[in-house]
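First the proteins, then the strands, lettered A, B, ... as listed; each starts at 1.
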4 protein chains.
Amino acid sequence: MQPKVRSDDLTFTEAARRKQIVAAAIDTIAEVGYTKASFAKIAQRAGLSSPSLISYHFADKDELIGQVVAEVCAAGGEVVRPHADPAASSSDTLRAYVEGSIAFYDTHRRHLRALMQILNGHPHARERWVNAANSAELDSIEQLLARGQRDGEFRSGFAPHAVAMILRDLLAGALLRLLGTPDLDVSAYTRELVALCLHSVEPVS
Amino acid sequence: MQPKVRSDDLTFTEAARRKQIVAAAIDTIAEVGYTKASFAKIAQRAGLSSPSLISYHFADKDELIGQVVAEVCAAGGEVVRPHADPAASSSDTLRAYVEGSIAFYDTHRRHLRALMQILNGHPHARERWVNAANSAELDSIEQLLARGQRDGEFRSGFAPHAVAMILRDLLAGALLRLLGTPDLDVSAYTRELVALCLHSVEPVS
Amino acid sequence: MQPKVRSDDLTFTEAARRKQIVAAAIDTIAEVGYTKASFAKIAQRAGLSSPSLISYHFADKDELIGQVVAEVCAAGGEVVRPHADPAASSSDTLRAYVEGSIAFYDTHRRHLRALMQILNGHPHARERWVNAANSAELDSIEQLLARGQRDGEFRSGFAPHAVAMILRDLLAGALLRLLGTPDLDVSAYTRELVALCLHSVEPVS
Amino acid sequence: MQPKVRSDDLTFTEAARRKQIVAAAIDTIAEVGYTKASFAKIAQRAGLSSPSLISYHFADKDELIGQVVAEVCAAGGEVVRPHADPAASSSDTLRAYVEGSIAFYDTHRRHLRALMQILNGHPHARERWVNAANSAELDSIEQLLARGQRDGEFRSGFAPHAVAMILRDLLAGALLRLLGTPDLDVSAYTRELVALCLHSVEPVS
DNA sequence: AATGAATGAGTGTTCATTCAT
DNA sequence: AATGAATGAACACTCATTCAT
């Protein structure tokens with residue numbers, strides 16, 4: 001509580017310190033999990049002289065974690081979501097979405113591992129920070145599928161909402177795989193994943 | 001380290017106590033998460049007089065958690081794995097495997113929530129307790145897929161290993177969905193999921 | 001939170017430890033004040049090996065403080081309150097009440113110093129622990145004064161409620177004096193105080 | 001210890017800043033108590049950019065608190081003390097002293113609440129800052145009482161010193177009452193209080 | 001004259017574990 | 001077989017104060 005009269009504009013050094021701490025927090029959480037990621041460990045990783053320096057820059061642990069989540073979401077913001085380009089075919093949009101997601105997961109494993117740890121360790125993380133984004137993403141997929149059905153590009157025998165969920169869950173499962181299998185052949189995995197997705201929605205013959 | 005080092009000669013009461021404690025641990029972990037599931041809370045839920053009773057019956061927390069994982073795996077052991085009945089078609093086997101898995105997840109949410117919490121909270125849970133089982137399951141799927149391809153029942157254009165992983169991950173994602181969506185329409189979800197799986201492997205015709 | 005399944009019956013040793021800790025808390029609070037009376041200092045004074053032993057025996061600081069207040073109130077319970085003995089004259093009852101209060105303050109300075117520190121340092125102490133007792137005491141005085149007026153023993157020109165408050169406040173002031181003046185001539189003080197009280201309520205003649 | 005050691009040559013701005021800080025300290029202490037009145041809270045209330053500004057203007061917390069006490073005492077300096085006007089009767093002087101004190105308490109509750117908090121929270125406040133003033137006040141009362149006795153205006157049966165103390169304590173108790181009872185009927189209370197004081201010292205007739 | 005950044009001791013509380021009984 | 005008592009490290013967080021600028 002010491003500093004901050006809350007001037008919503010941050011000093012240069014302040015901003016830098018916060019970034020540094022958030023980065024160290026991401027690494028620490030990714031490595032030891034949310035609940036074991038104490039200020040002491042984070043401070044040590046950041047090379048700070050004392051854990052209290054974190055308390056100095058963040059109101060409490062929740063604010064720090066919130067920043068971590070924000071950082072991760074910012075990184076994936078534009079990528080992880082089907083881009084509704086009317087010019088592109090639904091198939092291509094779907095393919096781009098799946099490929100983009102996996103690529104993002106692949107290049108941001110540390111971020112996403114931290115995010116998963118937070119989601120599992122923090123009692124209110126989901127409702128507070130990611131539920132909204134998830135719903136939006138789900139809607140985007142559903143609309144994409146519905147469009148594909150309307151255009152006759154996708155088979156009409158499935159319920160867009162249920163399949164959207166399944167596709168989303170498929171990506172969630174893929175993320176788990178990626179995080180748990182450091183030496184995964186990502187391009188092969190992606191290739192088959194895309195093929196599977198497309199096969200599963202395309203007309204039967 | 002007062003109690004048994006060997007697990008062979010467990011007293012009857014000893015075995016009963018351990019089961020009781022493991023059950024309480026599952027409930028507690030499912031409810032509050034692995035890291036917040038202290039001996040105190042587990043003992044309270046089990047109606048024990050003191051947390052030290054847990055230390056008395058288990059060498060340390062890791063042994064208890066190991067037993068919890070074992071219990072959960074035992075519950076799902078026979079179910080969660082494609083049953084290679086040579087008489088059945090590959091499609092039907094696959095369908096049975098997927099449906100069986102989801103059904104098991106649905107009826108054992110508490111167990112699986114606990115398991116997920118442990119996998120996410122314990123630094124070495126995966127390598128120590130579940131990697132082997134996962135590999136075995138993965139192999140079963142892969143063999144099923146290969147058989148289907150050999151028999152011409154499945155399209156031949158995919159790599160059995162990669163697709164096996166993806167199917168496995170799809171189920172992992174489904175589990176996450178189930179745990180996070182208490183009021184999910186499970187039968188609709190299952191129906192679409194099975195359809196998607198079959199579509200994705202069947203010949204293009 | 002560690003122990004206690006809350007069996008409302010205390011072990012012998014448990015009860016002894018709690019008494020010991022409460023006693024050390026009283027001494028510590030009396031000496032350094034409520035807010036500076038940390039578990040560390042209390043534990044040190046009680047000769048405990050660690051502050052956490054206090055947390056082991058009391059749910060939190062509030063429970064400990066509550067016990068301290070209870071102990072002090074128990075000590076003064078019967079004393080500090082006018083005893084409505086119908087056989088005694090109102091004057092004698094009043095005299096006994098005032099003398100008894102002062103005597104109690106005198107012999108329990110440490111307890112009362114601790115109580116005052118708590119009342120001043122704890123945000124909710126008054127409403128939680130002593131308001132009820134205070135009101136009851138005030139009522140007793142008021143009734144005594146009213147009786148004295150009815151019997152013609154006291155002059156009729158005062159409002160019993162207001163004067164009851166003033167008498168109560170007079171004792172509060174006396175307590176402050178006693179606590180602030182270790183070498184006070186208590187018997188002289190008491191003598192004059194009683195005289196003053198009686199003079200102030202007796203008929204003008 | 002960067003700033004002034006001497007208090008003679010205070011810059012104009014310096015003096016203004018100190019006043020501002022002292023005022024904020026009074027409000028803060030009155031509201032949250034001495035021990036919880038951190039530099040951070042005081043600085044925030046004063047609209048300062050940083051708690052360190054307080055350290056800059058005051059050697060340490062004690063110096064600030066000393067100034068707070070001085071400010072409060074200055075406010076009540078002339079009021080709270082019987083004014084030995086030889087022309088007035090002792091009764092009237094006494095009445096004026098009591099009425100004036102209560103009136104002052106009533107109109108300066110915030111100041112006096114802060115003062116009480118300090119006296120109760122600071123280990124050496126009394127001896128360091130107020131004992132002298134209290135003794136002086138006590139002497140004044142004692143002399144007034146003695147004069148009244150000499151003049152035959154007061155009954156001769158009491159010890160001026162002891163009764164002076166008691167009157168002083170009565171006012172202390174009244175202050176506590178005032179601070180603890182925001183909606184007290186002050187004029188009724190004062191009326192009875194004055195009556196009680198006069199009755200208690202006047203001749204029995 | 002002022003300030004943002006930093007510091008390290010201190011706060012109450014939780015924890016898995018030990019040990020004598 | 002079981003238990004109440006105890007322990008000390010760890011936790012997030014607050015504090016008055018220092019210091020370079």
Side-chain angles (χ1 to χ4, degrees), chain A residues 1-5 7 10-14 16-17 35-42 48-62 64, chain B residues 1-3 11 13-14 16-17 35-43 48-62 64, chain C residues 1-5 7 10-14 16-17 35-43 48-62 64, chain D residues 1-3 11 13-14 17 35-43 48-62 64:
Chain A
M1 203 252 281
Q2 190 95 315
K4 304 292 117 56
V5 186
S7 42
L10 301 173
T11 321
F12 174 75
T13 40
E14 165 93 8
R17 265 276 188 257
T35 29
K36 303 253 172 165
S38 65
F39 278 18
K41 292 200 188 100
I42 296 170
L48 307 179
S49 62
S50 150
S52 69
L53 192 55
I54 300 178
S55 291
Y56 175 74
H57 288 284
F58 296 87
D60 52 14
K61 200 173 190 185
D62 269 19
L64 172 57
Chain B
M1 232 235 275
Q2 223 153 332
T11 318
T13 40
E14 165 95 8
R17 267 275 188 254
T35 31
K36 303 237 172 169
S38 64
F39 279 17
K41 290 199 189 103
I42 296 170
L48 307 179
S49 61
S50 152
S52 68
L53 192 58
I54 301 178
S55 290
Y56 177 71
H57 286 284
F58 296 88
D60 55 12
K61 202 174 188 183
D62 270 19
L64 171 59
Chain C
M1 202 256 278
Q2 187 97 315
K4 302 294 116 53
V5 185
S7 42
L10 300 172
T11 320
F12 175 74
T13 40
E14 166 93 7
R17 264 276 188 258
T35 29
K36 301 255 172 159
S38 64
F39 279 17
K41 291 201 189 98
I42 296 170
L48 307 179
S49 62
S50 148
S52 70
L53 192 56
I54 301 179
S55 290
Y56 175 73
H57 288 285
F58 295 88
D60 53 14
K61 201 174 189 184
D62 269 19
L64 171 57
Chain D
M1 236 237 273
Q2 222 153 334
T11 317
T13 41
E14 166 95 6
R17 266 275 190 255
T35 31
K36 304 237 171 168
S38 64
F39 279 18
K41 291 199 190 101
I42 297 171
L48 307 180
S49 60
S50 151
S52 67
L53 191 57
I54 300 178
S55 290
Y56 177 72
H57 286 284
F58 296 88
D60 53 13
K61 202 175 187 183
D62 270 18
L64 171 58

**Q.** Under-4.0 Å side-chain N/O to phosphate OP1/OP2 contact, C:R17 with F:dA6
**A.** yes
**Q.** Rounded distance in Å - CZ (C:F12) to C1' (F:dA5)
**A.** 15 Å
Q.
Can you tell me which nucleotide in F:dT3, E:dG4, F:dA16 comes closest to the side chain of D:S50?
A. E:dG4
Q) For the side chain of B:Y56, counting heavy atoms from C-beta on, which of E:dT17, F:dA1, F:dT7 is nearest? A) F:dA1
Q. According to the Watson-Crick and G-U wobble definitions, with both distances under 3.5 Å, which nucleotide is paired to F:dG8?
A. E:dC15
(Q) By nearest atom, which of the nucleotides E:dT14, E:dT17, E:dG4 is closest to the B:K61 side chain? (A) E:dT17
Q | Rounded distance (Å) that lies between atom P of F:dT3 and atom CD of C:E14 | A | 16 Å
Q) In whole Å, what is the span from the CD1 atom of D:I54 to the C1' atom of E:dG4? A) 15 Å
Q: For the side chain of D:L53, starting at C-beta, report the closest nucleotide among E:dT3, F:dA6, E:dA6.
A: E:dT3
Q) Considering only F:dT7, E:dT3, F:dA12, which nucleotide approaches the side chain of A:S38 most closely? A) F:dA12
Q: Check the distance between F:dT14's P and A:H57's NE2 and give it to me in whole angstrom.
A: 15 Å
Q | A:K36 NZ to F:dA10 P, straight-line distance once rounded to whole Å | A | 12 Å
Q: Using atom CG of C:L64 as one end and atom P of E:dT13 as the other, report the distance to the nearest whole Å.
A: 9 Å
Q) Between F:dA10 atom P and A:I42 atom CD1, what is the distance in whole Å? A) 16 Å
Q: Tell me which nucleotide among F:dT3, F:dA12, E:dT18 gets nearest to the side chain of A:F39.
A: F:dA12
(Q) Let's see if you can work this out: which of E:dG8, E:dG4, E:dA1 has an atom nearest to the side-chain heavy atoms of A:T11? (A) E:dG4
Q. Base, sugar-phosphate, or nothing: which does B:S52 touch, judged by heavy atoms less than 4.0 Å apart?
A. base
